[in-house]
Amino acid sequence: TSDLPEKIFRNLGEHMNQVQTRMSRFLMDEEYEAEFARSEWFFSGFMVEEEWDKLVEQNGDLAMAGLDFYLYDYHMMANDKRPIDVYYEQAKAGKYGKFSKPALEFQEILTETKPIIFTIEECLEEGLYTIKEFFSGESFPIMLPIEGDHDVEEFKGVLFYGHIFYNNTI
């Protein structure tokens, strides 16, 4: 139905818990260790592992950004698929146990994630910003997880990279 994603996102916390617990099993699977290490190497700009580890210690957000890159941007050597797509196929097949129907639907939405390069144009209200997509020039409102008290002028002219989920959510 057309309001299905809305229903799924109403109970987002419950579905995220179920998905995160099982996705961590996928991420820790020895079968994909080399793929993850390779994606980390690409993401770090081919940095020496010890240097990269120091940077991650100083800024924990880098680890999350690297995981984001691995799941949504990296393509695996064996099958040229993104890890999020491989995980979803395995989850649907029951490799990680039985999921509730909404949790599976939520995972399907995660596979529909699209990369975006954008600039922040204005703050509409706390947490809600107008952004401009770099390639198309399209502007639209979006919730951004910007922490702290920032003036939008600090971000003028800065290109950001992220992933858009259902209903223009990053």
Side-chain angles (χ1 to χ4, degrees), residues 1-24 26-27 35-36 39-40 42-45 52 55-56 58-76 80-89 91-92 99-170:
T1 68
S2 62
D3 63 339
L4 183 60
E6 192 173 309
K7 289 177 183 173
I8 291 170
F9 277 89
R10 265 189 252 145
N11 297 315
L12 186 60
E14 177 187 323
H15 306 312
M16 278 298 292
N17 248 356
Q18 194 178 120
V19 171
Q20 281 181 321
T21 301
R22 295 178 185 171
M23 188 180 284
S24 66
F26 168 79
L27 292 170
E35 293 281 8
F36 186 78
S39 81
E40 191 174 52
F42 285 141
F43 183 76
S44 70
W52 175 248
L55 276 176
V56 169
Q58 294 167 358
N59 183 350
D61 289 343
L62 278 176
M64 288 306 298
L67 182 59
D68 195 56
F69 171 79
Y70 175 65
L71 287 171
Y72 298 107
D73 297 312
Y74 177 76
H75 285 246
M76 300 175 109
D80 196 29
K81 293 180 181 180
R82 299 177 310 162
I84 192 71
D85 298 320
V86 171
Y87 166 74
Y88 176 62
E89 289 170 4
K92 270 191 345 188
F99 283 93
S100 66
K101 186 176 181 203
L104 270 176
E105 291 165 343
F106 172 70
Q107 290 173 98
E108 183 176 13
I109 289 170
L110 292 179
T111 67
E112 296 166 2
T113 301
K114 304 283 185 253
I116 183 173
I117 296 174
F118 63 95
T119 56
I120 298 174
E121 300 299 308
E122 69 176 318
C123 179
L124 301 173
E125 60 184 64
E126 187 175 338
L128 183 64
Y129 297 84
T130 298
I131 67 167
K132 186 176 195 177
E133 204 277 328
F134 181 73
F135 294 109
S136 71
E138 176 188 4
S139 293
F140 52 89
I142 195 163
M143 299 295 290
L144 292 174
I146 297 175
E147 296 176 5
D149 188 25
H150 294 281
D151 181 358
V152 89
E153 292 301 314
E154 292 178 61
F155 304 117
K156 288 287 184 183
V158 177
L159 286 178
F160 292 90
Y161 178 80
H163 295 93
I164 285 216
F165 293 88
Y166 166 77
N167 205 17
N168 293 338
T169 306
I170 286 197

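In this text, all values refer to a predicted model and were calculated from it rather than measured experimentally.
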Which pairs of donor and acceptor atoms, one on a side chain in residues 125-134, lie under 3.5 Å apart (sequence neighbours left out)?
residue: E133; atom: OE1; partner: F135; partner atom: N; Å: 3.0
residue: E133; atom: OE1; partner: S136; partner atom: N; Å: 2.5
residue: E133; atom: OE1; partner: S136; partner atom: OG; Å: 3.0

Hey, are the side chains of [X] and [Y] touching, using non-hydrogen atoms and a 4.5 Å cut-off?
X	Y	value
V19	Y87	yes
I142	F118	no
F106	F99	no

Quiz item: salt bridge (charged side-chain N to carboxylate O under 4.0 Å, His left out) with K81: which residues, sequence neighbours excluded?
Solution: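 Counting only residues at least two positions away or on another chain, K81 forms a salt bridge (charged side-chain N to carboxylate O under 4.0 Å, His left out) with E89.
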Exercise. Apply salt bridge (charged side-chain N to carboxylate O under 4.0 Å, His left out) to R22 and list each qualifying residue two or more places apart in sequence or on a separate chain.
Key: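 Here no residue qualifies.
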Exercise. Let me see the working for F160 and L144 under side chain to side chain contact (heavy atoms under 4.5 Å, CB included), right down to the final yes or no.
Key: CA-CA 11 Å; F160 292 90; L144 292 174; over 6 Å; no
I'd like a table of donor-acceptor pairs (distance under 3.5 Å, sequence neighbours excluded) in which one partner is a side-chain atom from residues 59-74, with atom names and distances.
residue: N59; atom: OD1; partner: D61; partner atom: N; Å: 3.0
residue: D68; atom: OD2; partner: H163; partner atom: ND1; Å: 2.7
residue: D73; atom: OD1; partner: Y161; partner atom: OH; Å: 2.7
residue: D73; atom: OD1; partner: H163; partner atom: NE2; Å: 3.0
residue: D73; atom: OD2; partner: Y161; partner atom: OH; Å: 3.1
residue: D73; atom: OD2; partner: H163; partner atom: NE2; Å: 3.0
residue: Y74; atom: OH; partner: E35; partner atom: OE1; Å: 2.4
residue: Y74; atom: OH; partner: R38; partner atom: NH1; Å: 2.9

Quiz item: Taking it one step at a time, do I84 and T113 satisfy side chain to side chain contact (heavy atoms under 4.5 Å, CB included)?
Solution: CA-CA 10 Å; I84 192 71; T113 301; over 6 Å; no
Quiz item: Does E108 use its side chain to pair, donor to acceptor, with the backbone of L104 at less than 3.5 Å?
Solution: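 Checking the backbone N and O of L104 against the side chain of E108, no donor-acceptor pair under 3.5 Å is found.
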Exercise. Can you sort out the partners of F140 under ring-ring contact (aromatic ring centres under 6.0 Å, His included), two or more places apart, ordered by chain and number?
Key: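 Partners of F140 by the ring-ring contact (aromatic ring centres under 6.0 Å, His included) criterion come out as none, since no residue qualifies.
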Exercise. Applying side-chain contact (heavy atoms from CB on, under 4.5 Å), name anything that partners E153, two or more places apart in sequence or on another chain.
Key: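 Per chain and number, E153 pairs via side-chain contact (heavy atoms from CB on, under 4.5 Å) with D151, K156.
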Quick check for you: to the nearest 0.5 Å, what is the distance between [X] atom [atom1] and [Y] atom [atom2]?
X	Y	atom1	atom2	value
D80	M76	CG	CE	11.0 Å
F42	H75	CZ	NE2	12.0 Å
D85	Q107	CG	CD	12.0 Å

